[in-house]
Amino acid sequence: MAELTQSTRYDPSAIEARWYETWRDRGYFHPDAGEGAAPYTIVMPPPNVTGVLHMGHALNNTIQDALIRQRRMAGRRALYLPGTDHAGIATQNVVERELAEEGRTRDDLGREAFVERVWEWKERYGGEIYDQLEKLGVSCDWGRARFTMDPGLSRAVREVFVRLYEDGLIYRGKYIINWCPRCRTALSDEEAEKHEQAGKLWFVRYPLADGEGGLVVATTRPETMLGDTAVAVHPEDERYAHLVGKTAILPLVGRELPIVADDFVDPEFGTGAVKVTPAHDPNDFEMGERHALERVDVLEPDATMSEAAGGYAGLDRYEARKRIVDDLEDRGRLEKVEAHEHAVGRCYRCDTVVEPRLSDQWFVKMKPLAAPALEAWREGTLSFTPERWGKVYEHWLENVRDWCISRQIWWGHRIPVWTCGEGHEFAAREDPDVCPECGSERLEQDPDVLDTWFSSWLWPFSTLGWPEETEDLQTFYPTDTLVTASEILFFWVARMVMAGYYCMDECPFSDVVINGTVRDHLGRRMSKSLGNGIDPRAVIDEHGADALRYTLLASAPTGTDLNLAIEDFEMGRNFANKLWNATRFVSIQLPETFEPLPREKLAGHPAVTDAERWILHRLDETTRTATARAEAFRLNDAALAIYDFLWHDFCDWTIEWSKAHLEGDRGELVRSVLVAVLERSLRLLHPIMPFVTEELWQRLPEACRTGESIVVAPWPEARGWDFPAATESMALARAVIAAIRNLRAEYRVEPGRRAPATVVAAEPEAREQLERHADDIARLAASSGVQVLAEAPREEGTVSQVVEGHVEVSVRLADLVDLERERERLDGEIARTRSLLEASRAKLANEQFVEKAPAEVVEREREKQEDLERAVERLGSLRAALGE
RNA sequence: GGGCGGUUAGCUCAGUCGGUCAGAGUGCCUGCCUCACAUGCAGGAGGUCGCUGGUUCGAAUCCAGCACCGCCCACCA
């Protein structure tokens with residue numbers, strides 16, 4: 001164990017894969033269902049099967065894994081359930097592109113062969129993301145991994161669909177939906193992303209049928225005018241009151257358009273008169289319903305103009321727009337054109353501008369499902385971190401609209417609705433042979449498939465076996481924490497809560513933790529097209545998974561976006577390396593047969609000093625902080641607290657301090673403390689940096705740890721090591737050391753040259769503390785000896801500082817001292833201290849302050865004033881000794 | 001149009017209850033290969049906490065307004 005030949009560089013590549021296999025093979029990630037310890041469950045937001053691990057996944061999964069590992073160590077039965085999503089449109093697109101390269105289309109293959117082909121693709125590439133997640137070190141239960149199109153999950157989808165259908169919560173109808181002309185499918189409102197875009201507003205004059213004047217309407221999509229079946233104005237708009245009931249003529253087409261009055265119209269916008277196109281605009285559709293208007297569909301599914309467009313038939317929508325504008329202009333119907341910024345929907349998969357289109361689609365009624373989901377948030381059954389996301393969730397649910405769930409693609413769960421030759425329509429859990437109503441064998445299944453999210457929203461329970469009453473479901477549902485990005489709060493989180501209540505009558509999780517978006521150092525979203533993405537796999541290859549995980553967690557306050565540059569990951573790498581070397585140092589000190597003192601004997605050991613007590617005190621403090629922060633989902637705070645403790649307290653001070661105490665009477669105690677602190681620190685850090693902590697933990701003597709792996713070692717608890725006096729005394733010692741070092745550096749003392757130092761303190765208590773530490777202070781400050789005195793002897797050739805207000809630290813530098821410079825330095829110091837003192841005095845002279853501020857604050861201010869007074873005094877006498 | 005978030009050191013960001021909160025990492029400057037670690041050690045410079053008011057004994061912190069950046073929602077064609 002104590003080989004001195006070990007490399008001074010930590011090499012993660014040598015150990016990560018090995019440990020991962022060991023953990024997995026030993027079953028640490030696989031909790032049993034049934035009776036046992038309290039479960040803790042996280043279901044992984046399933047990445048798309050087409051997905052490649054990106055920084056967003058890395059962050060999301062690191063957070064989840066850190067939570068899972070911490071709770072597992074704390075004794076919970078932790079289940080981290082992984083899986084992938086079939087991602088209907090995305091996956092179909094990938095395979096269609098593959099086919100395109102072969103010069104074929106999905107229609108060439110036909111539905112069955114195409115779906116077969118997608119399955120082949122899935123079998124071949126769908127597992128890649130699992131390998132990448134393993135490299136990240138996530139402690140998922142791979143034996144329970146699920147895919148949204150597994151037989152079990154497909155059964156769950158069917159079951160829910162049929163239940164909703166039977167409950168009257170699913171309906172089919174002709175409505176305006178978002179249509180992607182490239183994917184040739186409907187999209188949900190959430191899938192049609194709105195983007196502000198510069199466009200134009202065309203003002204077109206529609207003449208009246210009776211030949212008397214006309215009225216001007218404004219439109220952003222002139223091509224849709226071919227489908228106009230009315231013109232609308234506001235009922236109270238006096239400008240147009242006389243026209244209501246009359247008829248206008250549609251230019252270019254000649255169709256007669258009734259002029260109707262409708263509340264929807266905003267008199268302030270445009271001209272206050274609106275062309276109504278029920279087949280191509282959701283509002284116009286509703287107006288069409290209200291006024292029983294005809295619907296004229298002028299577009300084909302691929303966004304070319306249909307037969308109904310007359311002379312424009314066959315043209316692409318934008319080509320048609322151009323021609324129509326030209327033609328209107330030619331005929332003098334175009335009044336004017338204005339620049340106009342407006343929101344345009346685009347397909348979230350291919351970025352094509354979506355077209356509002358009239359078609360037959362399936363919908364889920366959301367209002368009844370939303371009610372319990374709202375209730376859960378309002379009652380506190382469901383919490384969000386950060387809390388503000390709860391309001392976003394609430395607002396969406398309050399305004400939720402029905403969910404369009406049918407997609408005109410082939411890859412996905414086919415809608416389980418059949419129609420028989422007699423026209424009977426029914427939904428069925430099992431593929432039917434005959435119509436249940438009339439026995440007809442001529443059955444036809446609806447050709448559409450379900451929105452991918454229709455399977456994702458069941459994820460927390462479908463993955464556990466639902467609709468079967470499995471042991472897993474009983475044990476691990478409801479789950480505990482859901483960690484996800486804010487982008488899918490509506491797509492996924494809100495709908496999961498609805499499904500949870502609808503199917504299980506219970507909220508599917510108690511906490512939703514929203515993680516931030518990973519951006520580049522300029523704050524731009526990482527994306528393929530910008531080429532600014534940092535590949536987490538490359539970071540793992542270069543620095544190790546622990547470095548990636550630490551950097552991500554430390555840089556990511558919960559819910560805040562993080563801007564990262566590639567160099568930032570060196571922070572994690574350096575920390576892992578620091579740990580490696582600290583452990584090397586401790587190991588080297590331990591004989592092969594080392595038996596550490598029992599932990600309960602450390603703090604009360606006869607040979608114990610402030611140095612040991614202080615680090616034990618800090619260890620307890622850090623343990624409490626790390627635990628509280630991990631429980632509150634504040635992993636960045638936990639990570640930073642452990643980092644600070646290990647690097648700056650343990651390595652910078654305790655290890656350095658210990659070097660003179662490793663042998664002799666105190667040796668056994670000091671070594672026991674070192675190993676105890678290190679061992680517990682490794683456990684604290686394990687959820688964040690699993691690999692390096694395991695590797696190092698295993699290198700500690702067996703008697704210093706419990707169990708065969710740190711993965712299943714107990715989460716640390718504070719032991720009541722509470723030593724404020726030792727903490728204070730060490731703070732003074734460290735301040736004195738820092739002062740001597742500072743004086744040496746200022747005077748450019750050669751590193752090899754040692755100089756005697758004097759520490760003057762009036763208080764006997766302070767002197768006593770310093771006396772005890774004199775040798776260590778001298779050693780760590782490169783001094784030949786430290787003398788502790790009550791009175792200051794004024795010697796020539798010394799330079800001084802005052803620390804903690806009342807302690808004077810002097811170093812004899814003889815020939816190196818530049819009197820002039822020392823006078824200046826002290827004058828500066830005196831001026832600074834005086835101004836602080838003045839401020840403090842002014843504060844205390846303020847009656848209001850003394851009266852109204854809490855006694856504790858006033859007391860602290862008094863102490864501060866005293867310290868400053870003494871400091872000014874001491875500095876003054878130092879200065880006086882230097883003459884003019 | 002509505003809502004939310006951000007603005008703190010050159011850079012990336014912490015800062016919970018208003019009073020030891022002017023902090024970290026990185027970068028920069030000085031000096032060190034000191035027997036765990038140069039992926040390191042020691043020392044140092046660097047900020048009017050976006051702007052303007054207000055509340056308060058006291059404001060980076062609370063309130064209002066403003067400016068800039070970003071996100072989400074939205075059926076004004």
Side-chain angles (χ1 to χ4, degrees), chain A residues 4 6 8-10 176 194 201 217-221 224 232 264-277 281-287 340 342-343 356 386 388-389 391-392 395-396 399 401 486-487 489-490 517 519 521 523-525 543 547 551 554-557 559-565 567-568 570-589 632 634 636-637 640 643-644 648 651-652 655-656 659 737-738 741-746 748-752 780-782 843 846-854 856-858 860-861 864:
Chain A
L4 287 155
Q6 276 175 9
T8 61
R9 295 277 177 98
Y10 167 57
I176 298 281
K194 298 285 179 117
L201 194 56
V217 300
T219 178
T220 53
R221 293 183 297 151
T224 63
F264 161 75
V265 181
D266 175 4
E268 303 291 314
F269 188 87
T271 61
V274 186
K275 62 193 259 323
V276 183
T277 322
D281 183 280
N283 299 307
D284 293 6
F285 175 80
E286 282 170 26
M287 277 198 277
H340 181 63
H342 62 139
R388 64 187 139 89
W389 289 106
K391 283 186 217 141
V392 179
H395 183 259
W396 185 79
N399 299 287
R401 298 165 64 196
S486 59
E487 288 101 85
L489 195 59
F490 310 139
T517 305
R519 300 170 182 282
H521 68 291
R524 299 173 306 182
R525 200 188 193 87
H543 300 315
T551 304
S555 326
T560 314
D561 290 353
L562 18 15
N563 296 357
L564 286 175
E567 310 83 67
D568 293 334
E570 288 169 17
M571 186 199 326
R573 176 202 61 181
N574 294 352
F575 186 35
N577 196 59
K578 186 73 177 174
L579 275 175
W580 171 262
N581 282 296
T583 307
R584 269 184 69 223
F585 173 80
V586 173
S587 300
I588 289 166
Q589 313 312 323
R634 295 174 53 172
N636 71 312
D637 287 338
L640 294 170
Y643 177 99
D644 194 49
H648 298 304
C651 291
D652 288 355
I655 284 186
E656 292 309 318
K659 284 179 180 172
I737 292 167
R741 284 172 176 171
N742 174 258
L743 288 166
R744 291 174 55 95
E746 289 226 354
R748 303 267 183 278
V749 180
E750 283 168 38
L780 294 172
K843 211 169 185 181
N846 181 343
E847 282 172 33
Q848 303 253 49
F849 172 72
V850 178
E851 205 176 295
K852 293 187 181 174
E856 191 189 306
V857 173
V858 177
R860 215 181 296 145
E861 196 60 40
K864 185 171 149 195

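Since the structure is predicted, the reported quantities are computational estimates derived from the model, not experimental observations. The chains referred to below are lettered A, B, ... by the order of the sequence lines, with proteins before strands, and numbering in each begins at 1.
Nucleotide C35(B) is matched to nothing when pairs are restricted to Watson-Crick or G-U wobble geometry with both distances under 3.5 angstrom. Across all strands shown, nothing is found opposite U48(B) as a Watson-Crick or G-U wobble partner with both distances under 3.5 Å. Using Watson-Crick or G-U wobble geometry with both donor-acceptor distances under 3.5 Å, G70(B) finds its partner in C4(B). Nucleotide C62(B) forms a Watson-Crick or G-U wobble pair with G54(B), both donor-acceptor distances falling under 3.5 Å. Across all strands shown, nothing is found opposite C17(B) as a Watson-Crick or G-U wobble partner with both distances under 3.5 Å. A 3.5 Å limit on both hydrogen-bonding distances identifies A24(B) as the Watson-Crick or G-U partner of U12(B).
Distance from the side chain of Lys852(A) is smallest for U56(B) among the nucleotides U56(B), G44(B), A77(B). For Asn563(A), whose side chain is taken as the heavy atoms from C-beta onward, the closest listed nucleotide among U12(B), G19(B), A74(B) is U12(B). Among the nucleotides C57(B), C37(B), C32(B), the one closest to any side-chain atom of Thr8(A) is C37(B). Considering only side-chain atoms of Cys651(A), the nucleotide from A36(B), G70(B), A14(B) that sits closest is A36(B). For His395(A), whose side chain is taken as the heavy atoms from C-beta onward, the closest listed nucleotide among C57(B), A14(B), C73(B) is C73(B). For Val265(A), the side-chain atoms get nearest to A77(B) when compared with the rest of C41(B), A36(B), A77(B). Checked against C32(B), U39(B), A14(B), the side chain of Arg573(A) finds its nearest nucleotide in U39(B). The side chain of Asn846(A) approaches C57(B) more closely than any other nucleotide in the set C57(B), A36(B), G43(B). In this structure, of A74(B), A36(B), A77(B), it is A74(B) that holds the atom nearest to the side chain of Ala343(A). Considering only the side chain of Met571(A), G25(B) comes nearest among G25(B), G43(B), C71(B).
Checking Val392(A) against Leu564(A), the closest nucleotide of RNA chain B that is more toward the 5' end is the one next to Leu564(A). Nearest-nucleotide positions on RNA chain B for Tyr10(A) and Trp396(A) put Tyr10(A) closer to the 5' end.
The base of A36(B) is paired with the side chain of Glu656(A) by a donor and an acceptor separated by under 3.5 Å. Under 3.5 Å, the side chain of Arg9(A) and the base of U39(B) form at least one donor-acceptor pair of N or O atoms. At a cut-off of 3.5 angstrom, counting only N and O atoms as typed in the model, there is no donor on one side facing an acceptor on the other between the side-chain of Arg748(A) and the base of U30(B).
Atom NZ of Lys578(A) is separated from atom C1' of A38(B) by 11 Å (rounded to the nearest Å). Nucleotide C35(B) holds its P atom 8 Å from the NZ atom of Lys659(A), rounded to whole Å. What separates CH2 of Trp389(A) from P of C4(B) is a distance of 12 Å, to the nearest Å. For the pair Leu743(A) CG and A42(B) C1', the computed distance is 14 Å after rounding to whole Å. Taking atom CD on Glu567(A) and atom P on U26(B), their separation rounds to 13 Å, with Å as the unit. The interatomic distance linking Asp568(A) (CG) with G27(B) (P) rounds to 10 Å, in whole Å. Summarising the geometry, the separation between NE2 on His342(A) and P on C75(B) is reported as 15 Å, rounded to the nearest angstrom.
The separation of G40(B) from C4(B), taken at their P atoms, amounts to 44 Å, rounded to a whole angstrom. Rounded to a whole angstrom, the distance from the P atom of C33(B) to that of A42(B) is 15 Å. A distance of about 12 Å separates the C1' atoms of C21(B) and A59(B), rounded to the whole Å. Across the C1' atoms, C49(B) and G6(B) are found 14 Å apart, a figure rounded to whole Å. As rounded to the nearest Å, G43(B) and G5(B) have P atoms that lie 41 Å from one another. For G23(B) and U8(B), the C1' atoms lie 10 Å apart once the distance is rounded to whole Å.
Using cut-offs of 30° and 60° on the angle between ring planes, the pair Trp580(A) and Tyr10(A) is tilted. Below 30°, between 30° and 60°, or above 60°: for His340(A) and Phe269(A) the angle between ring planes is above 60°, a perpendicular geometry.
Between Ile176(A) and Asp281(A), the closest side-chain pair of non-hydrogen atoms is not below 4.5 Å. When side chains are defined from C-beta on, Phe585(A) counts as touching Lys659(A), because their heavy atoms get closer than 4.5 Å. Contact annotation: the side chain of His342(A) never approaches that of Leu201(A) to less than 4.5 Å [non-hydrogen atoms, C-beta and beyond]. With a 4.5 Å cut-off on side-chain heavy atoms, Phe264(A) and Glu286(A) do not count as touching. The shortest side-chain heavy-atom distance between Thr551(A) and Phe575(A) does not fall under the 4.5 Å cut-off. Looking at Phe849(A) and Val857(A), their side chains come closer than 4.5 Å, going by heavy atoms from C-beta outward.
OP1 or OP2 of C75(B) sits under 4.0 Å from a side-chain N or O of Arg401(A). Put simply, His340(A) has a side-chain N or O that comes within less than 4.0 Å of OP1 or OP2 on A77(B). Contact check, Asn577(A) against G40(B): no side-chain N or O comes under 4.0 Å of OP1 or OP2. Contact check, Lys864(A) against G19(B): no side-chain N or O comes under 4.0 Å of OP1 or OP2. An OP1 or OP2 oxygen of G40(B) is reached within less than 4.0 angstrom by a side-chain nitrogen or oxygen of Asn574(A). At G25(B), one or more side-chain N or O atoms of His648(A) fall inside 4.0 Å of OP1 or OP2 (strictly under the cut-off).
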Would Leu489(A) and Trp396(A) satisfy side-chain contact (heavy atoms from CB on, under 4.5 Å), going step by step from the backbone distance to the final call?
-> CA-CA 9 Å; Leu489(A) 195 59; Trp396(A) 185 79; over 6 Å; no
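Among the protein residues, Pro356(A) comes within range of no part of the nucleic acid, since none of its heavy atoms lies under 4.0 Å from any strand. Among the heavy atoms of the strands lying under 4.0 Å from Arg634(A) is at least one base atom, whether or not backbone atoms are also near.
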